[in-house]
2 protein chains.
Amino acid sequence: MGRSSQSKAKENRAQIVQTASRMFREAGVENVSVAQIMAANGMTVGGFYKHFESKDALIEEAFSLAFEQSREAWDEVYSRADEASQDRAAILVRQYLRNSSAKNRCPLLAFAPGVAVTESERPGAHEYAEGAKSLLDKFMKEKVGGLCDPAHPTDADNEALVIFAAMVGARLLAQSVGQQSWIQAMEAAVNMAVIKH
Amino acid sequence: MGRSSQSKAKENRAQIVQTASRMFREAGVENVSVAQIMAANGMTVGGFYKHFESKDALIEEAFSLAFEQSREAWDEVYSRADEASQDRAAILVRQYLRNSSAKNRCPLLAFAPGVAVTESERPGAHEYAEGAKSLLDKFMKEKVGGLCDPAHPTDADNEALVIFAAMVGARLLAQSVGQQSWIQAMEAAVNMAVIKH
DNA sequence: TGTACATCAGTGAACGCGCGTTCACTGATGTAC
DNA sequence: TGTACATCAGTGAACGCGCGTTCACTGATGTAC
């Protein structure tokens, strides 16, 4: 087991980020060790630092990748939705609320900071904020046809913001409370709201 | 420094739970050690296990206390609000969104599980779920005059659920994204929604 | 009330564990001639 | 093309650290007489 070729090494690096992104979403950043990530790729822990400066650096890349893939998934939902049919944003919301398996967990929730700490202290805080903004932008673009001016939101902007916040909040509460009837009521409620507006 | 009196010991125990509840909300359960909690009460770590079986047991009590104090705070907001004036739930929502200091952080967010794990694995999961349900119950009671049947929600139930979810989701996104203009827009949006309905 | 003893709240050092990180080493890959 | 050497991706043991927990000990409190 000596050196890998440059192309293989590059491939390994990408694999590590992808695996970490998945494992972080499934179990949380704190509950996944560097050694576990390497083992999941059939490697040992020592080699990790040939690719990354630290675990925090990996967290940043893994966060960015997770949000990127979420954006792609949202685009796919949009593209599958019949252009002429009902509100496409409503379809996204429905998908979002349904799709609560561990593997596909939304990074907005999986990486959410339970507590707010100074940005420099929390690894990946910058990437999380950027990713959250990008998903919100994508939602607003579809819902109200473009980014609103945060300083002067229109009524339509505000309605869309509420639905976005409710969508995220509903899934947070649903997965926490873990009572099926409440989850269904939450989903029905958000679905109703998104259709009405 | 020998034994404390029984009443003093009981007082110390209550202080530990109160201090832990505050520190957990400020910095997160994972980022506060047993030794730190004891030091904050002017004690050393060894005595902790005369009061609690484990850190997990303290977490459970601290969670319950935090939710209990949140319920009391909500009651106080309700009682201060003029009975005859506008929607009292709207006042609560406004308070909730404004009150984002670290010390008063809502346990719904501070203790939110970023990832869903089996209930037995995550300390305090039961207390969190119960606390979340109790706050939702209190909100629904004020907003639609009583607990709705989760299996057959009315339209008013659904609207209240959306506002509750949006309130929580908005604060989660606001503290994460940390961009003041977005926070204000989020608050304006939720305020508008709660007043309209 | 006073005395002798048992109790036990609190002490602080030590233990065990998992984690992030380091390091000397290996051997296949890349490169210069 | 072949050969000699340098490079460096990956290995796996070891280190340092913080944490939850344990334990022998202390001495004021509680209790029995």
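Reckoned from all heavy atoms, side chains included, excluding hydrogens, waters and symmetry mates. Every chain is numbered from 1, with letters handed out A, B, ... down the list of sequences.
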Enquirer: Mind checking side-chain contact (heavy atoms from CB on, under 4.5 Å) for A39(B) and listing every partner two or more places apart, or none if nothing turns up?
Expert: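 Scan of A39(B) (side-chain contact (heavy atoms from CB on, under 4.5 Å), adjacent residues dropped) gives none.
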Enquirer: Counting only non-hydrogen atoms, which of residues 8-16 of chain B are less than 4.0 Å from DNA chain C?
Expert: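 Hits under 4.0 Å, by residue number: A9(B), N12(B).
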Enquirer: Which residues pass the ring-ring contact (aromatic ring centres under 6.0 Å, His included) test with F24(A), not counting sequence neighbours?
Expert: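 None.
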Enquirer: Below 3.5 Å between N/O atoms, which protein atoms pair up with nucleotides 30-33 of chain D? Just atom names and distances, please.
Expert:
unit_1	atom_1	unit_2	atom_2	d
dG30(D)	OP1	Q6(B)	N	3.3

Enquirer: Taking side-chain contact (heavy atoms from CB on, under 4.5 Å) as the test, write out the residues that go with V77(A), two or more places apart.
Expert: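 V77(A) satisfies side-chain contact (heavy atoms from CB on, under 4.5 Å) with R80(A), I91(A), L92(A), Q95(A) only.
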Enquirer: Please enumerate all residues that pass side-chain contact (heavy atoms from CB on, under 4.5 Å) together with V17(A), with sequence neighbours excluded.
Expert: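 Testing V17(A) for side-chain contact (heavy atoms from CB on, under 4.5 Å), a comparison that skips the adjacent residues, returns R13(A), F52(A), L58(A), E61(A), L65(A).
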Enquirer: Can you tell me how far C1' of dC8(D) sits from OH of Y49(A), to the nearest Å?
Expert: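 Interatomic distance, OH of Y49(A) to C1' of dC8(D): 18 Å.
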Enquirer: If I take atom CG in residue N41(B) and atom P in nucleotide dG10(C), what distance separates them, rounded to the nearest angstrom?
Expert: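 Going from CG in N41(B) over to P in dG10(C) covers 10 Å.
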Enquirer: Taking only residues at least two apart or on different chains, which pairs with a member in residues 36-53 of chain A satisfy side-chain hydrogen bond (donor to acceptor under 3.5 Å, both in side chains)?
Expert: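 Sorted result for residues 36-53 of chain A: T19(A)-N41(A).
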Enquirer: Give the residues of residues 52-62 of chain A touching DNA chain C, defined as any heavy atom closer than 4.0 Å, sorted by residue number.
Expert: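 Result for residues 52-62 of chain A: S54(A), K55(A), sorted by number.
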Enquirer: Could you tabulate the donor-acceptor pairs under 3.5 Å formed by side-chain atoms of residues 160-169 of chain A, not counting sequence neighbours?
Expert:
none

Enquirer: Which pairs, protein N/O on one side and nucleotides 13-15 of chain C N/O on the other, fall under 3.5 Å?
Expert:
none

Enquirer: Please list, chain by chain and in numerical order, all residues satisfying side-chain contact (heavy atoms from CB on, under 4.5 Å) with E30(B), sequence neighbours excluded.
Expert: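 Applying side-chain contact (heavy atoms from CB on, under 4.5 Å) to E30(B) gives none.
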Enquirer: Toss me the dot-bracket line for DNA chain D: Watson-Crick and G-U wobble, both under 3.5 Å, 5' to 3', using | for pairs to another strand and [ ] for crossers.
Expert: .||||||||||||||||||||||||||||||||
Enquirer: Rounded to the nearest 0.5 Å, what separates atom NZ in K138(A) from atom OG in S134(A)?
Expert: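 Reported value, rounded in 0.5 Å steps: 8.0 Å.
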